[in-house]
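Taking it in order: structure first as structure tokens, then the write-up.
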Amino acid sequence: MNILVVDQSGQLGGGELSLLDLLEAWGRQARVVLFAHGPFEDVLRERGVHVEVCDAGAVGGLRRHLGLVAALRALPRLVHMVATMRRAAVEAGAVYANSQKAFVIAALAGGAPLVWHLRDILTSEHFGKINRTVAVWLANRRAQCVIVNSRATGDAFVAAGGHPDKVRLVYNGIDPGPFDTLPAAHAATLRAEFGIDAANPLVGLFGRLTPWKGQHILLDALALLPGVHALLVGDALFGESDYAQALRRRAAGPDLAGRVHFLGFRTDVPALMKSVDIVCHTSTDPEPFGRVIIEGMLAQRPVIASAEGGPREILRDGETGLLVPPSDPRRLADAIATLAADPQYRARLAAAAHADARQRFSRASMIAGVQQAIAEACDPASTPPAP
Ligand code: UDP
Ligand code: GLC
């Protein structure tokens with residue numbers, strides 16, 4: 001099988017990290033086209049993956065809420081990208097699109113059976129009407145199937161007009177290896193490095209700095225919890241530097257000073273997760289899936305997550321983690337205080353979560369699920385007619 005993979009991002013977001021696992025499984029069978037340079041491209045090259053970058057230029061500047069003028073300005077570049085994709089797709093047995101813009105370009109290009117791995121919740125908060133309409137219209141006509149990373153993502157696709165028969169649910173799976181092999185002393189060393197006393201509860205929030213990931217909610221919760229420290233792990237990957245600056249200003253306030261540690265983008269997430277007492281997830285909008293939740297479970301740390309979208313499919317409240325209403329610092333603070341005060345409860349949740357994550361979110365079942373969807377797409381009986 002010769003798979004042409006297409007992704008719009010050059011950054012290492014959750015979709016790209018998940019794709020790395022698939023590419024490892026596919027080896028030489030896959031080639032990648034990206035629409036932006038960046039660290040993701042570098043990692044692919046280091047791993048020997050055949051990668052071509054067709055810079056999106058003005059198309060990359062199109063916001064998720066699409067305007068007509070901006071769309072017209074981007075048209076020449078769009079035509080170039082479609083032509084590049086069409087050339088690349090000629091020899092492919094299947095095209096696998098790992099992001100929304102990538103899917104739209106691949107769908108316009110045609111040339112081989114097409115699978116869209118939809119990793120976003122297509123709602124009005126994140127996507128303008130034109131964007132959603134175009135993507136769903138193309139999905140119904142050009143995609144053999146649409147892999148979704150949660151039921152919530154699939155439901156939003158169908159609610160936006162997507163054909164339910166196209167939907168295949170494949171949860172992200174994560175390799176427990178890097179979490180299992182860490183020496184126990186490593187966590188204490190990291191804590192000491194950040195100057196955090198062993199007596200202070202430490203929570204961690206892992207994710208890119210962007211308003212909907214809700215780092216500000218955690219800071220507001222911390223203000224209610226004297227003595228609790230937090231690691232904020234992640235960077236502003238898509239130009240949200242104003243938000244990152246606002247967070248730093250807030251963290252320097254007298255009620256938080258010295259308790260919030262900004263670590264930027266890190267490649268040692270398993271070790272950092274093991275160095276905290278509690279992993280928090282604070283998205284203010286429904287999280288499509290939430291890899292960081294599975295990672296917290298694999299690190300054997302209790303996870304508190306926003307009770308919407310993917311997290312509600314991952315965690316059983318009070319059994320494998322705690323779910324709290326999104327955008328509610330008081331309820332988040334209460335949940336942190338409950339866990340901080342009760343090591344046995346923390347250990348119980350963490351143990352149940354660990355077993356559950358290994359069973360339900362394995363990398364092998366994710367790879368099998370995606371491969372099966374691609375195999376189905378290549379079955380000529382299921383191929384829709386050309387538009
Ligand atoms: N991550 C990372 N370094 C960081 C922050 C995050 O490697 O500094 C990883 C994190 O471990 C997770 C991914 O980025 O695997 C984020 O994926 P998630 O599904 O949680 O959210 P997304 O950013 O894709 O919306
Ligand atoms: C997207 C989503 C995230 C999900 C990831 C992997 O980046 O925002 O929730 O976990 O894709 O599918």
Side-chain angles (χ1 to χ4, degrees), residues 14 18 119-121 123 147-156 158 167-176 178-180 201-207 212-214 217-218 221 269-270 273-274 276-366 368-369:
S18 171
R119 299 177 181 275
D120 295 307
I121 292 191
T123 53
I147 301 172
V148 295
N149 58 0
S150 65
R151 277 199 306 276
T153 297
D155 290 348
V158 172
V167 175
R168 306 283 179 279
L169 172 62
V170 180
Y171 285 131
N172 272 234
I174 293 185
D175 177 15
F179 296 86
D180 292 347
L202 177 62
V203 303
L205 179 47
F206 299 78
W212 77 269
K213 289 287 182 184
I217 303 294
L218 178 63
V269 166
M273 283 205 172
K274 285 212 170 238
V276 304
D277 300 304
I278 299 164
V279 170
C280 292
H281 165 273
T282 54
S283 293
T284 57
D285 292 340
E287 179 75 50
F289 179 74
R291 289 168 58 83
V292 290
I293 296 167
I294 307 299
E295 291 164 348
M297 296 162 89
L298 292 174
Q300 301 188 54
R301 291 298 174 268
V303 181
I304 303 171
S306 292
E308 281 187 322
R312 292 187 53 205
E313 295 168 47
I314 298 172
L315 294 177
R316 288 194 306 277
D317 190 27
E319 283 179 49
T320 58
L322 296 183
L323 291 169
V324 293
S327 305
D328 190 338
R330 163 62 62 191
R331 293 287 295 275
L332 177 60
D334 288 348
I336 293 173
T338 302
L339 291 181
D342 192 343
Q344 282 176 355
Y345 189 24
R346 290 207 301 274
R348 218 168 42 241
L349 286 180
H354 185 237
D356 202 40
R358 292 180 78 105
Q359 204 215 325
R360 290 172 61 218
F361 303 102
S362 79
R363 189 170 65 158
S365 57
M366 171 187 73

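- Here the side chain of R301 pairs a donor or acceptor atom with the backbone of V276 at under 3.5 angstrom.
- Here the side chains of M297 and I314 are in contact, with some heavy-atom distance below 4.5 Å.
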Legend entry - D277/V203 under side chain to side chain contact (heavy atoms under 4.5 Å, CB included): CA gap, chis, key distance, verdict: CA-CA 6 Å; D277 300 304; V203 303; over 6 Å; no
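- Side-chain contact between I336 and C280 is present, with heavy atoms from C-beta onward closer than 4.5 Å.
- Taking each heavy atom of P288 and D120 in turn, the nearest pair found is CG-CA, 3.9 Å.
- With values rounded to the nearest 0.5 angstrom, I294 atom CD1 is found 10.5 Å from S362 atom OG.
- Contact of the R312 side chain with the D317 side chain is not registered, since no non-hydrogen atoms from C-beta on lie closer than 4.5 Å.
- Considering only heavy atoms from C-beta on, I304 stays 4.5 Å or farther from V279 through its side chain.
- At distances below 3.5 Å, not a single donor-acceptor pair connects side-chain atoms of T153 with backbone N or O atoms of N149.
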Legend entry - Stepwise side chain to side chain donor-acceptor pair (under 3.5 Å) test for R291 and N172: CA-CA 7 Å; R291 289 168 58 83; N172 272 234; 3.2 Å; yes
Inset, instruction - Step by step, work out the side chain to side chain contact (heavy atoms under 4.5 Å, CB included) result for I174 and F361. - result: CA-CA 6 Å; I174 293 185; F361 303 102; over 6 Å; no
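- Across all non-hydrogen atoms, the minimal contact from A340 to I278 is N-CD1, 4.1 Å.
- For the pair A305 and I293, the tightest heavy-atom approach, listed with the atom from each and the gap, is CB-CD1, 4.0 Å.
- A156 approaches T123 most closely through the heavy-atom pair CB-CG2, 4.4 Å.
- Using a 4.0 Å cut-off between charged side-chain N and carboxylate O, K213 and E287 make a salt bridge.
- Here L339 contributes atom CG and L349 contributes atom CG; the two are 6.0 Å apart, rounded to the nearest 0.5 Å.
- Minimum heavy-atom separation, L315 to G321: CD2-CA, 4.2 Å.
- The line from OG1 of T284 to CH2 of W212 is 8.0 Å long, rounded to the nearest 0.5 Å.
- To the nearest 0.5 angstrom, I121 atom CD1 is 9.0 Å from D155 atom CG.
- Atoms CG and CG, from L205 and L218 in turn, are 5.5 Å apart once rounded to the nearest 0.5 Å.
- Shown here are the side chain to side chain contact (heavy atoms under 4.5 Å, CB included) partners of E313, two or more places apart in sequence or in another chain: S150, R151, A152, Y171.
- Residues satisfying the side-chain hydrogen bond (donor to acceptor under 3.5 Å, both in side chains) test with R346, not counting sequence neighbours, are none.
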Inset, instruction - Would you please test M273 and F206 for side chain to side chain contact (heavy atoms under 4.5 Å, CB included) and show each step? - result: CA-CA 8 Å; M273 283 205 172; F206 299 78; 3.5 Å; yes
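- To the nearest 0.5 Å, atom CD1 of residue I147 and atom CE of residue M366 are 10.0 Å apart.
- When the options Q359, R360, H354 are evaluated for a side-chain hydrogen bond (donor to acceptor under 3.5 Å, both in side chains) with D356, the one that passes is R360.
- Salt bridge annotation for R358-D175: absent, with no cationic side-chain nitrogen under 4.0 angstrom from a carboxylate oxygen.
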Inset, instruction - For the pair V292 and H281, evaluate side chain to side chain contact (heavy atoms under 4.5 Å, CB included) and give the outcome as yes or no after the intermediate values. - result: CA-CA 8 Å; V292 290; H281 165 273; 4.3 Å; yes
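- Side-chain contact between F179 and E295: present, with at least one pair of heavy atoms (C-beta onward) separated by less than 4.5 Å.
- Shown here for T282 and S306, the closest heavy-atom pair between the two residues is C-OG, 3.4 Å.
- In this structure, the side chain of S283 does not engage the main chain of P286 through any donor-acceptor pair within 3.5 Å.
- Other residues, nucleotides and ligands place more than 12 heavy atoms under 6.0 Å from the CZ atom of R363.
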